[in-house]
Trainee: 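The structure that follows is given in the form of structure tokens.
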Amino acid sequence: MRLVVAHYGVEVVVRAPDGTRSRLAVPRDCSLLVGDRVRLESGGPVVLESERVLRRRDRRGRTRSVAANLDVVGIVLAPIPHTPDAFVDRALVGARAAGIAPLLVINKSDLPGAAELASRMRADFPDVEPVFEVSAGRGTGLAALSDHLARGLRGVFVGVSGVGKSSLVNALVGDPSLAVGEINPVSGLGRHITSNATLHSLPGGGEWIDTPGFRDFGPVTVTSLDLARFFPGFEAALEAGCHYRDCRHRVEPGCSVIAAVESGRIPAARHAAYLALLEELEQAEKVARGY
Ligand code: GDP
Ligand code: ZN
């Protein structure tokens, strides 16, 4: 059994249980993911386990898998730059639908507005925990995050450009590009080839996957019918089950979500955010069906 720890398009690096690494040539369209557990056979690597996969849509609208066998997705926010609430909704829905636990990381705690941002996120997303307040720049608050991951969790960061994802990976892992470069400094593997993803062991335990350029990700595997199940803040209203089958919880009288909106248990703004994402998924489904 080997673990895929780096993917460079035409080459992957696999790690054996004793820590030895080896490189394997793979076809360019190879579907192996960092985090996959594989068995090496003469015909090439055979995937044994590839669950809890995070997916995103690329610029051309194609679905791309980012990494496999993930335990956590760290959604990174900062006082600057601003992250739209819709980004957080998408990240939460995407992670939950993939069976991966979301956690929130409020970075740049050294800047004004960080504490307010953290309390707003705790108020708006009461079901999402833990919330870590850190500064990658100053190195503060990182021990709590490391401790959380130390029980052997494997994760990846998502967040808009500039919130500090790379800085956080560096702070958690040390310099990730150096660690990868060690595999083969002669060919420059990891330095000159654009990598899709690289997996790093954290000093205190757990593993983190560095995915350069991985920012936006829509809930690409969620259907419009399933959306409400994963939408943050709808948990209580759906617990008893909306008694309408196939309910999209839009305007249906007697719908348990609508009832919660009317009684104020779900803020109207949260329902509006749900409807916007629902609309987007329905449009995408129409396009996929070809009309
Ligand atoms: P990414 O695009 O999410 O990977 O963000 P980067 O890691 O490249 O960081 C974007 C900018 O934010 C850089 O100029 C960092 O130096 C800065 N930055 C990262 N962490 C912190 C922090 O904790 N405090 C402050 N003030 N700046 C930070
Ligand atoms: Zn309903």
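Atoms within a ligand are numbered from 1 in the order they appear, just like the ligands themselves. If you read the sequence from its start, that first residue is 1, and numbering goes on from there.
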Trainee: Side-chain donor-acceptor contacts of residues 109-121 below 3.5 Å, not counting sequence neighbours, with atom names and distances?
Mentor:
{"unit_1": "Ser109", "atom_1": "OG", "unit_2": "Val134", "atom_2": "O", "d": "3.1"}
{"unit_1": "Asp110", "atom_1": "OD1", "unit_2": "Ser135", "atom_2": "OG", "d": "3.0"}
{"unit_1": "Ser119", "atom_1": "OG", "unit_2": "Ala115", "atom_2": "O", "d": "2.8"}
{"unit_1": "Ser119", "atom_1": "OG", "unit_2": "Glu116", "atom_2": "O", "d": "3.4"}
{"unit_1": "Arg120", "atom_1": "NH1", "unit_2": "Asp124", "atom_2": "OD2", "d": "3.1"}

Trainee: Please identify which atoms of ligand 1 are closer than 4.0 Å to at least one heavy atom of Gly137.
Mentor: 20 (N), 21 (C), 22 (C), 23 (O)
Trainee: For the Zn ion (ligand 2), check which protein N, O or S atoms are under 2.8 Å away and list them.
Mentor: Cys242 SG, Cys247 SG, His249 ND1, Cys255 SG
Trainee: Does ligand 1 have an atom under 4.0 Å from some heavy atom of Gly159?
Mentor: no
Trainee: Out of all atoms in ligand 1, which are within 4.0 Å of some heavy atom of Asp110? Include the element for each.
Mentor: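 In order of numbering, the contacting atoms are 22 (C), 23 (O), 24 (N), 25 (C), 26 (N).
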Trainee: Ion pair present between Asp210 and Lys165, side-chain N to carboxylate O less than 4.0 angstrom?
Mentor: no
Trainee: Under a 3.5 Å threshold, yes or no: a donor from one side chain and an acceptor from the other, between His200 and Thr198?
Mentor: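 Side chains of His200 and Thr198: pair found under 3.5 Å.
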Trainee: Before accepting this row, confirm whether a basic side-chain N of the pair Arg28/Glu11 lies closer than 4.0 Å to the acidic partner's carboxylate O.
Mentor: no
Trainee: Got a second to check how far His249's NE2 is from Leu275's CG, nearest 0.5 Å?
Mentor: 10.5 Å
Trainee: Please determine if Arg39 and Glu49 form a salt bridge, counting it only when a charged side-chain N lies under 4.0 Å from a carboxylate O.
Mentor: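 Salt bridge between Arg39 and Glu49, a charged N being under 4.0 Å from a carboxylate O: no.
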Trainee: Using a 4.0 Å cut-off to any heavy atom of Ala136, which atoms of ligand 1 qualify?
Mentor: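 Counting atoms of ligand 1 from 1, those under 4.0 Å from Ala136 are 20 (N), 23 (O).
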Trainee: Counting each atom of ligand 1 from 1 as listed, which ones have a heavy atom of Lys165 under 4.0 Å away?
Mentor: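 Ligand 1 atoms under the 4.0 Å threshold to Lys165: 1 (P), 2 (O), 3 (O), 4 (O), 5 (O), 7 (O).
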Trainee: Using a 4.0 Å cutoff against the non-hydrogen atoms of Ser161, which atoms of ligand 1 qualify?
Mentor: 2 (O)
Trainee: Specify side chain, backbone, both or neither for Asn107, according to which of its non-hydrogen atoms lie closer than 4.0 Å to ligand 1.
Mentor: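 Side chain only.
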Trainee: Atom CG in Asn69, atom CZ in Arg37: separation rounded to 0.5 Å?
Mentor: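 Between atom CG of Asn69 and atom CZ of Arg37 there are 4.5 Å.
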Trainee: Would you tell me whether Thr140 and Arg138 have side-chain atoms, one donor and one acceptor, within less than 3.5 Å of each other?
Mentor: no
Trainee: Looking only at side-chain N and O atoms, does Ser224 offer a donor or acceptor that is under 3.5 Å from a partner on Arg248?
Mentor: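 Side chains of Arg248 and Ser224: pair found under 3.5 Å.
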Trainee: State whether Glu282 and Arg250 are salt-bridged, where the test is any N-O pair (Lys NZ or Arg NE/NH1/NH2 against Asp/Glu carboxylate O) under 4.0 Å.
Mentor: yes
Trainee: Applying a 4.0 Å heavy-atom criterion (strictly less than), which segment of Leu111 is in contact with ligand 1: side chain, backbone, both, or neither?
Mentor: side chain
